[in-house]
Undergrad: 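I have a structure here, written as structure tokens, and I will follow up with some questions on it.
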Amino acid sequence: MTVSFILNGEDVSANVRSIDRLSDILRDVFGLVGLRSDCRCGRCGRCFVFLDGRLVPSCIVPAFSVRGREIITIEGFAQTEEYRDIAEGFKAAGVETCGFCEAPKILALADLLERTSRPSPREILAQISAVPCRCTDPDAIVKAAQAVIERRARRIYRRAGQ
Amino acid sequence: MLASEIHFPKDLAEALELIRRPGILVFAGGTGILREQGGRGISLPGEVLFVREIPELRRTSLTERFLEIGAAVTLSELIELGETALPPLLAEAARGIGTTALRNLATIGGNVASRERFMDCWPALACLDGLVEFRDRGGATWMNANRLLGEDGKPAIPEGGLITRLRVPIERWDAYLLRKVGPSDFPAPETAVFAFAARAEKGILAEARIAFAGETALRSRSLESSMIGRGLPLSAREAATIAEGYKSLSAPLPEGLALQFGVLVEGALGLLSR
């Protein structure tokens with residue numbers, strides 16, 4: 001069947017089968033290799049995308065179910081100011097994540113900041129735990145997230161002042 | 001792996017026509033189905049009824065007396081209703097399920113519909129006297145969540161219908177407790193949820209409910225009745241007597257779960273003993 005949806009801001013269509021996972025379609029058909037499809041059971045977080053603005057593990061989303069919906073992958077999110085806030089906040093805090101978990105951790109944090117402007121350390125840890133990779137000290141992630149929050153607040157404040 | 005025919009009903013009436021087909025699988029969030037499948041492709045039966053987009057199943061409404069939730073409302077959307085609308089016991093149950101990302105997919109209807117085991121929301125719904133609406137072409141039937149507990153302690157979900165709504169009474173509860181035990185990211189045989197709710201009137205215990213569920217469920221109306229009418233706080237002796245009754249009730253559980261259930265019952269009774 002042909003499924004049409006919005007992918008990183010563009011209208012696209014793909015021929016999908018009922019057996020196809022969204023993560024596989026995004027990688028194999030659209031070449032979006034910033035996500036991985038490792039566990040295939042929604043556990044590792046490496047396949048995170050935004051589906052209609054909500055963070056989801058795309059490996060447990062059937063491709064047929066996204067018709068008419070909007071998907072943003074890390075490639076699309078990387079074009080936004082919110083991404084730059086997080087990437088620069090991580091850098092400023094000296095956080096170096098591994099190649100496996102950087103993209104999902106950025107998306108997970110972006111999702112949290114979308115819902116909560118000033119999350120508590122506990123909320124940050126709970127959110128980041130959706131990407132169970134031990135490459136980075138969780139306390140460092142919390143500090144980085146707080147740096148991101150400040151950076152984001154300054155940007156929004158500057159914009160409001162203009 | 002064979003391809004399935006996917007049906008996208010535009011409304012409830014169309015879905016109720018399609019659900020009569022033998023072997024058709026109702027699919028909303030799909031987390032319960034797909035988390036069990038680790039291979040490259042998804043394995044689904046010959047026909048799938050995709051109900052997530054049906055407007056009637058996506059609505060929530062709140063009156064003074066109850067909260068009504070469409071079956072395809074996700075757990076995240078449920079939590080976002082906030083404490084003014086959502087009973088805390090149900091909110092805690094929903095928050096304890098998976099990660100935010102998983103809760104963005106999983107639906108309340110799917111959580112209740114599991115035939116293999118009780119999922120996390122059932123104990124809360126049972127304590128709150130929640131109702132579940134089943135619909136087929138013949139009409140709608142509201143069932144108390146407690147009637148989804150079979151005599152063998154396993155889920156007893158009616159065949160052939162579609163879960164369309166849940167209705168949760170809005171009532172005052174003076175004490176409540178919800179705890180999940182065992183592995184929490186994936187349901188395992190040792191995973192279970194304990195729910196307790198109680199209400200007092202003029203220093204007397206007017207309502208007390210305890211439900212515990214995983215692969216099997218425990219709920220005893222007679223033990224709950226034995227608590228009602230007692231003055232608060234409960235004495236240590238009263239609490240010990242009630243706890244002993246629940247210990248007998250937990251005999252069919254595996255030893256580890258029975259022990260945890262006992263501790264949780266004592267914790268709940270402790271809330272009534274202060």
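Sequence lines set the chain letters: A, B, ... in the order given, protein chains first and strands last, and positions in each chain run from 1. Nothing here was measured: the structure is a model prediction, and the numbers come from that model.
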Undergrad: Where on A/D111 is there a heavy atom nearer than 4.5 Å to chain B: the side chain, the backbone, both, or neither?
TA: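 Only the side chain of A/D111 comes within 4.5 Å of chain B.
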Undergrad: Is A/R17 in contact with chain B via its backbone, its side chain, both, or neither, using a 4.5 Å heavy-atom distance?
TA: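 Contact with chain B: none, neither part.
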Undergrad: What part of B/E53 is in contact with chain A, defined as an atom under 4.5 angstrom from a non-hydrogen atom: side chain, backbone, both or neither?
TA: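 Just the side chain, heavy atoms under 4.5 Å.
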Undergrad: Could you look at A/S37 and say if it's the side chain, the backbone, both or neither that has a heavy atom under 4.5 Å from chain B?
TA: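 Answer is neither: A/S37 stays 4.5 Å or more from chain B.
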Undergrad: Would B/T164 and B/E133 count as having a side-chain donor-acceptor pair, cut-off 3.5 Å?
TA: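 Distance-only check passes for B/T164 and B/E133.
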Undergrad: Got a salt bridge between A/K105 and A/E102, using NZ or NE/NH1/NH2 to carboxylate O under 4.0 Å?
TA: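 Answer for the salt bridge query: no.
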Undergrad: Would A/T136 and A/E96 count as having a side-chain donor-acceptor pair, cut-off 3.5 Å?
TA: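 Result is no, nothing qualifies.
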Undergrad: Pairing donors with acceptors under 3.5 angstrom, does anything connect the side chains of A/N8 and A/T73?
TA: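 Per modelled atom types, A/N8 and A/T73 side chains form a pair under 3.5 Å.
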Undergrad: Search all heavy atoms of A/T116 against all heavy atoms of A/E123 and return the closest pair with its distance.
TA: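 What the structure gives for the nearest pair is CG2-OE1, 4.1 Å.
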Undergrad: Taking side chain as everything from C-beta outward and backbone as N, CA, C, O, which of these in B/E80 sits under 4.5 Å from a heavy atom of chain A? Side chain, backbone, both or neither.
TA: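 The side chain, not the backbone.
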Undergrad: Using a 4.5 angstrom heavy-atom cutoff, name the option from A/R115, A/R69, A/M1 with the most pairs to chain B.
TA: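 Ranked by contacts with chain B, first place is A/R69.
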Undergrad: Do you know which of A/G42, A/S65, A/S23 has the most heavy-atom pairs with chain B at a distance under 4.5 angstrom?
TA: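 Between A/G42, A/S65, A/S23, the count favours A/S65.
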Undergrad: Consider only side-chain N and O atoms of B/T74 and B/N104, and report whether a donor and an acceptor are under 3.5 Å apart.
TA: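 Side chains of B/T74 and B/N104: no pair found under 3.5 Å.
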Undergrad: Salt-bridged, A/R152 to A/E82, with N to O below 4.0 Å?
TA: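 No, A/R152 and A/E82 are not salt-bridged.
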Undergrad: Taking A/L107, A/D24, A/D20 one by one, which has the highest count of heavy-atom pairs under 4.5 Å against chain B?
TA: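 Winner by heavy-atom pair count: A/D24.
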Undergrad: Just give me the residue among B/R103, B/E36, B/Q37 that pairs up with chain A most often, heavy atom to heavy atom, under 4.5 Å.
TA: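 The option with the most such pairs is B/Q37.
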